[in-house]
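Here is the structure we will look at, set down as C-alpha cells.
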Amino acid sequence: MLKRSSVSRQESLSEAELLRLVRSGDSSGMRALYERYVGYLTAVCSRYVPDRAVVKDILQEVFVKVFGKIEDFEFRGEGSLKAWMHRIVVNDSLKFLRDNGRMKYVDDLPDVEDEPMEGLPDVPVAVVAEMIKALPDGYRTVFNLFVFEKKSHREIAELLGIKEDSSASQFFRARAMLAKNIKRYVKENE
Amino acid sequence: MSSKKDWTEGLPELFEGYTESEPAGLWRAVRAGVGAGRRRVAAWWYGGALLAAAAVVALVILFRPAADPSVVNVGAGELVAQEGIGADIVSPAEEVALEAPARQDGSPSFRPSGEPDPSSAMVPDTREPQSVSGEAKTAEQTPEAPNSVSGGEKASEPRQATVPLQSRQPREPRERRERQPIRIMAGVSGGLMAQNVSQSGQQAAHVASMMGSAPAIQTKSITGGTTTFDPSIINRNKPGTTECNHRQSARFAAGIKVNFLPHWGVENGIVGTTLNSSWETISGNSVKNVEQEMHYLGIPLYLHFNALDWNGLSLYLAAGPMYEFTNETSEIYSTRLNGKLLSSATDNHLQKDHRWSVNAAAGLQLEFMENNAIYIQPGLSYHFRRRNVAGLDIQNYYTARPASFNLTIGYRLLLF
C-alpha cells in the first residue's frame with residue numbers, strides 16, 4: 001500500500017557522471033546521488049546527533065544545500081563529492097548542537113578510570129556506533145571530531161569555543177567510557 | 001595520550017563503509033525542499049495565473065447576461081414558466097400557512113397577503129374572462145363536467161375565495177400562452193388549489209373544488225419535464241404543518257497541489273457536492289412532499305501546511321476560499337392521501353446559483369504512488385448569502401446552515 005521507490009541504484013556511475021546528470025537537471029540523477037550517499041551520511045550525522053527526527057531535518061537541509069550549490073562545486077576527483085557532502089553534514093550537525101545548547105563540556109562527571117585496551121576487539125561496527133551515540137553530548141562531539149575528522153585539540157577548541165585542555169579532557173573521558181563499554185560487551189558475548 | 005597507536009585510530013577505517021538506514025520520509029522532504037528552492041519563480045507564476053483566473057471568473061459574474069424574465073428560477077414553490085396551461089404552482093406551503101390570514105368562513109385565500117393578484121389571472125385561451133367562480137359556475141351548469149360532486153365541497157365554495165369578475169384582467173392572446181407562468185397557490189390550510197386554469201383545466205378546477213377524485217392537471221416545464229398536480233388533496237379547513245430538512249453529501253474532489261516551501265503548498269482543483277432538501281407538508285390526512293436536489297461544482301484555492309509526514313502518510317492543514325456554482329435543480333413532487341400515493345412528478349429546470357465560501361480543514365493524505373495521493377479531509381466552511389436574479393433566496397443546505405461541517409474525499413496530484 002505504501003509508496004515504494006522505483007529508482008534503481010546507479011552504483012556503477014562515477015561521481016563525475018553523477019555530477020553531470022544532476023547538473024543537467026535530470027531528476028533521476030538527483031535520486032541516484034541521494035541513494036548512493038544517504039546511508040553513509042545518515043551514519044555520520046547519527047554519530048553527532050542520536051535523535052532520529054533531528055537527523056532527518058539535518059539531512060534534508062544537507063541535501064537541499066548539495067543540490068542547490070552543486071553547480072558551484074569544484075570536482076577534484078573521485079571521492080571529492082562524498083568528502084564535500086561529509087563536511088556539510090558535520091558542520092550542520094555541529095550547528096544544530098550549538099544552536100540547541102547541546103554543547104556542554106562539563107568536567108563534573110565522575111572520573112572515569114582509563115581502560116587500557118590494545119587494539120579494537122572484534123565488535124560489530126553497529127554496536128560501536130551505538131556506544132558512541134550513547135556517550136554524553138560533549139564527550140561524543142569531541143570524540144568524533146578528534147577520531148573521525150582527525151582534528152587536533154587546538155582546532156577542536158577553536159571550533160567549539162572551549163579550552164584546549166577541556167578538549168583533551170573530554171576526549172580522554174569519552175575514550176575511557178567507550179573502552180569500558182566495549183570490554184563489557186566482549187565479556188558478555190564470549 | 002600514549003605514543004603507541006591508540007585503538008581509536010582504527011575506528012575511521014572500521015566505519016569507512018558503514019551506513020545506516022535513512023530516516024522515513026527523507027527523500028520526500030528533500031524533494032519538497034529542492035522543489036521549493038528551484039520553483040519559487042514558478043510559484044509566483046502559478047499565483048499570478050490563479051489571480052488571473054479569479055479575475056476572469058469575477059468579470060464573468062459581473063457582466064454575465066441578464067436572466068430571461070420568462071425563465072424564472074425555481075426552488076420548491078418558486079415560479080416556473082410553463083407551456084400551455086395557466087395553472088399556478090404553489091408557494092412554499094409553510095409560508096402561506098404562516099402568513100395567509102384565514103377567512104372567517106374557512107375558505108382559503110389565494111395569496112399570503114389575502115389580496116388576490118389580478119395579474120395572476122391568466123387564461124390562456126381567447127374566451128371571455130372568467131373568474132374561478134365563473135368557471136366553477138360554468139362547470140356546474142355544464143352537463144359535460146366529467147366529475148360531479150362526490151361528497152366533496154360545493155361548487156360555490158371556490159366562488160367565495162375567488163377574485164371578483166370585474167377585477168380580472170382580459171385573457172391573454174393565444175399566441176402568448178406558452179409564456180405564461182404557472183402558479184399553484186397555497187391556501188391557509190396548506191393545501192393546494194388550482195387557479196386560472198386553461199380551458200382544458202377548467203374541469204380540473206371544477207373537480208378541485210369538489211374534493212373528489214379528479215384527473216390530474218398536467219403542465220410542462222420549460223425544460224420539457226412534466227409536472228402532475230392532483231387537486232384532490234385539497235383539505236382547506238384543517239391546519240397544516242411543514243417540516244423542512246436540508247442535507248449535504250460528502251464532497252468528492254480532484255486537485256493539484258504545488259509546494260513552494262518545504263511544508264507549504266497551494267492547491268487548486270474541482271469539488272463536487274450534492275445538496276438535498278425536502279419539504280413535507282401535512283394537512284389533515286394529506287401529505288405533500290417536495291424533494292429538491294442541487295449539484296454544485298466548486299473551485300477551491302487552498303493554502304496547505306504539511307504538519308506531519310511519515311512514509312507516504314501525511315497530516316496537513318488547509319484553508320482558503322472556494323467558488324461554487326450550479327445550473328440545474330431537480331425536484332420531485334409527491335402527494336399522499338390517507339397514506340396512499342396520489343400523484344408524483346419530476347421537474348428538472350434551470351437554477352443558476354453561485355456562492356463563495358471560506359473553508360478550513362485538517363486532512364490525512366496517502367501518497368500511493370510518486371506524486372499521486374488520495375486523501376480524506378474533514379473541515380468547516382462558511383457560505384456567504386446571495387440572492388438569485390428573481391430576488392428570492394434559494395433554499396438549500398448552504399442557506400439554512402451557512403456555517404457547517406463537511407467531509408471531502410479526493411485525489412491529489414503533487415507537484416513541486
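Letters A, B, ... are given to chains in the order of the sequence lines, protein chains preceding strands, and every chain is numbered from 1. From a predicted model like this one, the values you see are computed outputs, not experimental measurements.
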| message | With a 4.5 angstrom heavy-atom cut-off, is it the side chain or the backbone of Ala129(A) that approaches chain B, or both, or neither? | response | both

| field | Region of Lys150(A) in contact with chain B, defined by heavy-atom distances below 4.5 Å | value | side chain

| Should Trp27(B) and Arg31(A) be marked as a side chain to side chain contact (heavy atoms under 4.5 Å, CB included) after you check the CA-CA gap, both sets of side-chain angles, and the distance that decides it? | CA-CA 8 Å; Trp27(B) 171 243; Arg31(A) 186 63 187 266; 3.0 Å; yes

| request: Determine the interplanar angle of the Phe148(A) and Phe15(B) rings, folded into 0 to 90°, and report it as parallel if under 30°, tilted if 30 to 60°, perpendicular if over 60°. | output: perpendicular

| query | Should we count CD of Glu78(A) as having more than 12 external heavy atoms under 6.0 Å? | reply | yes

| Interface residue of largest heavy-atom contact number with chain B, from Tyr37(A), Tyr34(A), Phe63(A), Phe143(A), under 4.5 Å | Tyr34(A)

| query | Counting only heavy atoms not in Phe384(B), do more than 12 fall under 6.0 Å of its CZ? | reply | yes

| From Leu178(A) atom CG to Trp7(B) atom CH2, the distance as rounded to the nearest 0.5 Å | 4.0 Å

| request: Look only at the side chain of Glu20(B) and the backbone of Gly39(A), and say whether a donor-acceptor pair between them is shorter than 3.5 Å. | output: no

| query | Would the number of heavy atoms belonging to other residues, nucleotides or ligands and lying under 6.0 Å from NZ of Lys163(A) be above 12? | reply | no

| Counting only heavy atoms not in Arg52(A), do more than 12 sit closer than 6.0 Å to its CZ atom? | yes

| Full working for salt bridge (charged side-chain N to carboxylate O under 4.0 Å, His left out) between Glu22(B) and Arg36(A) | CA-CA 11 Å; Glu22(B) 63 186 276; Arg36(A) 176 178 287 193; over 6 Å; no

| task | Might you point out which heavy atoms bring Asp6(B) and Arg175(A) nearest each other, and give the distance in Å? | result | OD1-NH1, 2.7 Å

| note | Pair count under 4.5 Å, heavy atoms only, with chain B: among Val125(A), Asp57(A), Val64(A), highest is Val125(A)

| field | Enclosure of Lys133(A) NZ (heavy-atom neighbours >12, cutoff 6.0 Å) | value | yes

| note | Here the pair of heavy atoms bringing Tyr18(B) nearest to Ala126(A) is OH-CA, 3.8 Å

| Lys56(A) and Leu26(B): which non-hydrogen atoms are nearest, and at how many Å? | O-CD1, 3.5 Å

| message | With rounding to the nearest 0.5 angstrom, report the CZ to CE distance, Arg31(B) to Met30(A). | response | 10.0 Å

| Which portion of Val128(A) sits near chain B, non-hydrogen atoms under 4.5 angstrom | both

| message | Working to the nearest 0.5 angstrom, can you tell me the gap between Leu41(A) CG and Thr19(B) OG1? | response | 10.5 Å

| note | chain A shares the most heavy-atom pairs under 4.5 Å, among Gly17(B), Gly25(B), Ser21(B), Ala24(B), with Ser21(B)

